[in-house]
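Some notes on the structure that comes next.
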Amino acid sequence: MDDDAITAGRRRWQARFDAARTRDADFTTLSGDPVEPVYGPRPGDRYEGFARIGWPGEFPFTRGLHPTGYRGRTWTIRQFAGFGDARSTNERYHTILRNGGGGLSVAFDMPTLMGRDSDDPLALGEVGHCGVAVDSAADMDVLFDGIPLGEVTTSMTISGPAVPVFCMYLVAAERQGADIAKLDGTLQTDIFKEYIAQKEWLFGPAPHLRLIGDLMEFCAARIPAYKPLSVSGYHIREAGSTAAQELAFTLADGFGYVELGRSRGLDVDTFAPGLSFFFDAHIDFFEEIAKFRAARRIWARWMRDRYGATTDRAQWLRFHTQTAGVSLTAQQPYNNVVRTAVEALSAVLGGTNSLHTNALDETLALPSERAAEIALRTQQVLMEETGVTSVADPLGGSWYVEQLTDRIEADAERIFEEILEKGRRARPDGRHPIGPVTSGLLAGIEDGWFTGRIAEASFTYQRALEKGDKRVVGVNVHTGSVTGDLEILRVGDAVEREQVRALADRRAARDDAAVRAALAAMLDAARSGRNMIEPMLAAARSEATLGEICGALKDEWGVYREPPGF
């Protein structure tokens, strides 16, 4: 790119920066030297390919979505929490908010994630252990007691039964007197990654996509700020994928949801801003930064060139990041504080919009209150003390980072082509019910291609670890230690007994005829093809339980069994 083009680009950035709002903060180094809000080629420099890097807030958004970077607004500190019953988790939420957390992120227990009630025989021994138990809207009332849902953004990490859980959340907001139209937050809802990595599905792909399409329509019309889909690469990476696979599989899933919205007749410029993403920040510092930068660039280009998005907001890739759970070690667990800080810094330098930092004891149990505070303070030290919020994309233009960004982008594009080819083979007539990427995704799920690729990558890494080619401190190198066992959080069986008792009392007190009528109306909508959100909301208002709602739909649609792979 010649000098005139670079100069013109800087002028465009400066105009947008001057028009934007910035924080009232000290943007100098520790020594007191002033820091510019962005750095790039100097006047007279030539930089081949600079259009692919560009300026913050400018297509293809490699350097960030906003011209101000974190000078305008820092990332949201969104700590993931949930354990035991709703009351215990509510107390943790109040602690997070009181200590500077900017948003809440709900972790559900395994029965809830699988759409089962706490008194289901298959829930025995699992209630409240990996998150909070939610059986009906009454649990949501307790979960958010004293937390105004009209003012706090809330993320809910759940996919299979995401839509009925969301309906219970809306009912809790209604009971608080909140204006539903003004709610802001994120629901994961990403069923593709369940088939690819996490395995928490209820039905086959078709009915899940039906529900997701209904939710997209409902939110676009009724709750415009709420994000009904958070496309998750985190679980794909935690399952053992490479960084490029995480990026490509996740963005392909996102393209599938764009095709789903378009197939429903939704305007891409209207619904695309309601899509967000969720990535893993792993321990390879520069590779992760490059991954985040490549993600924004790929998404913007595909949204504009393939799906016809014309506005910046529809081309933006907004993402939440969580530090890598699989990088945490049970051996020498205090080392996990260092790992988490490094991973969090990579997410920040990569331009994350919100961030969760794992606690040092999460490889052993749910975080203790002390460990959760250290995790929160890790973000606050990065935000308040390190100067990383002063400059937008401070590594932009680095030979190493830019070449890594280009390499990961190229790797991802090759994977996209493989997925499209699978779609062409599945639909040789070119008639894709939802879209070509979706056809490839469904074919890859059905024949085990995604799980096979992840398994190969995971095996390659594990073999390198066991040979000592990859080193993990405290595991296969520097194994001596003076540290002892940690005191960890334990969820006793009294939580399960109390949750089951409360559920029984709730069932006894409700109007069973109203519940049956609401479930029947929901099934009638399912059979007729009407949007199912309103009848599901009515079921939640009547205190129909999660297991009852999901059970009725399983009876109607059947359950999904993963094809065997050898």
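Throughout, residue positions are numbered sequentially from 1 according to the sequence presented. Quick note: numbers below take in every heavy atom, side chains included, and nothing from hydrogens, waters or symmetry partners.
Proximity of a side-chain donor or acceptor of T460 to a complementary backbone N or O of E456 within less than 3.5 Å is detected. Under a 3.5 Å cut-off, the side chain of N476 and the backbone N or O of V472 do form a donor-acceptor pair. Between the W55 side chain and the P67 main chain, no donor and acceptor come within less than 3.5 Å of each other. In this structure a side-chain-to-backbone donor-acceptor pair under 3.5 Å is present from D361 to S368. With N358 contributing its side chain and T323 its backbone, the two residues share a donor-acceptor pair below 3.5 Å. Remark: side-chain polar atoms of N336 are not paired, donor with acceptor, to backbone N or O of A359 under 3.5 angstrom. Judged by distance alone, the side chain of R296 and the main-chain N or O of G350 form a donor-acceptor pair under 3.5 Å. S327 places a side-chain N or O within donor-acceptor distance of the main-chain N or O of A324, the cut-off being under 3.5 Å. A donor-acceptor pair is defined here as one N or O able to donate and one able to accept, closer than 3.5 Å; no such pair exists between the side chain of S241 and the backbone of Q245.
In this structure, a donor-acceptor pair under 3.5 Å is absent between the side chains of Q332 and T483. In summary, the side chains of R78 and T153 do present a donor paired with an acceptor at a separation below 3.5 Å, with no hydrogens or angles considered. A donor and an acceptor atom, one from each side chain of E373 and N99, are nowhere located under 3.5 Å apart. Side-chain contact annotation: Q403 with D406, donor-acceptor N/O pair under 3.5 Å absent. Side-chain atoms of Q379 and T357 include a donor-acceptor pair closer than 3.5 Å. Residues T95 and R98 bring a donor and an acceptor atom of their side chains to less than 3.5 Å of each other. Counting only N and O atoms by type, the side chains of Q14 and R11 include no donor and acceptor under 3.5 Å apart. Remark: the S354 side chain and the T76 side chain contain no N/O donor-acceptor pair separated by less than 3.5 Å. Donor-acceptor pairing under 3.5 Å is recorded for the side chains of T405 and R293. A side-chain donor-acceptor contact under 3.5 Å links T28 and D26.
Residues L349 and P394 approach most closely at CD2-CG, 3.6 Å, considering heavy atoms. The heavy-atom pair separating V268 from M303 by the smallest distance is CG2-CE, 3.7 Å. Heavy atoms only, all atoms of each residue included: A344 and L355 are closest at CB-CD2, 3.9 Å. Taking each heavy atom of A412 and I298 in turn, the nearest pair found is CB-CD1, 3.9 Å. The two residues I77 and G100 make their nearest non-hydrogen contact at CD1-O, 4.3 Å.
Look at K193 and D190 and you find no salt bridge, because none of the NZ, NE, NH1 or NH2 atoms lies under 4.0 Å from a carboxylate O. Between E58 and R63 there is no salt bridge, since no side-chain N of the basic residue sits under 4.0 Å from a carboxylate O of the acidic one. Taking a cutoff of 4.0 Å between a charged side-chain nitrogen and a carboxylate oxygen, R52 and E409 qualify as a salt bridge. A salt bridge between R453 and E418 is present, with a side-chain N of the basic residue lying under 4.0 Å from a carboxylate O of the acidic one. Under 4.0 Å is where a charged nitrogen must lie from a carboxylate oxygen, and between R425 and E421 at least one such pair does. Using a 4.0 Å cut-off between a side-chain N of Lys or Arg and a carboxylate O of Asp or Glu, E417 and K422 do not qualify as a salt bridge. Under a 4.0 Å N-O distance rule, the pair R71/E36 does not qualify as a salt bridge.
Within the 6.0 Å centre-distance limit, the rings of F450 and F249 are counted as a close aromatic pair. Ring-centre distance between Y400 and F286: below the 6.0 Å cut-off.
Side-chain atoms of S155 and H320, non-hydrogen and from C-beta on, never get closer than 4.5 Å to each other. Considering only heavy atoms from C-beta on, E343 stays 4.5 Å or farther from F285 through its side chain. Between M156 and F108 the shortest side-chain heavy-atom distance falls below 4.5 Å. Taking the side chain as every heavy atom from C-beta outward, V437 and Y307 approach each other to under 4.5 Å. Residues R301 and P60 form no side-chain contact, since every pair of their non-hydrogen atoms from C-beta on lies 4.5 Å or further apart. At least one side-chain heavy atom of T62 sits under 4.5 Å from a side-chain heavy atom of R297. Contact of the R262 side chain with the F271 side chain is registered, since non-hydrogen atoms from C-beta on lie closer than 4.5 Å.
Between I415 atom CD1 and L251 atom CG the span is 10.5 Å, to the nearest 0.5 Å. Here the OG1 atom belonging to T74 is positioned 11.0 Å from the CG atom belonging to N353, to the nearest 0.5 angstrom. To the nearest 0.5 angstrom, L360 atom CG is 8.5 Å from L328 atom CG.
Each of F278, Y234, F277, F292 was compared with F319 under the ring-ring contact (aromatic ring centres under 6.0 Å, His included) criterion, and only F292 meets it.
Taking L260 as the reference, L209, I212, M216, Y257, S263, I434 meet the side-chain contact (heavy atoms from CB on, under 4.5 Å) condition, with sequence neighbours excluded. The ring-ring contact (aromatic ring centres under 6.0 Å, His included) search around Y70 returns W75, not counting sequence neighbours.
Within the structure, the salt bridge (charged side-chain N to carboxylate O under 4.0 Å, His left out) test picks out the following pairs touching residues 227-240 (sequence neighbours left out): D184-K227, R237-E246, R237-E288. Each salt bridge (charged side-chain N to carboxylate O under 4.0 Å, His left out) pair with one or both residues in residues 316-328, not counting sequence neighbours, would appear here, but there are none. For residues 269-281, the side chain to side chain donor-acceptor pair (under 3.5 Å) pairs, not counting sequence neighbours, are D267-T270, D269-T310. Sorted by first and then second residue, the side chain to side chain donor-acceptor pair (under 3.5 Å) pairs involving residues 463-475 (not counting sequence neighbours) are Q462-E466.
Cation-pi geometry between R306 and W302 is met: under 6.0 angstrom from the ring centre, within 45 degrees of the axis.
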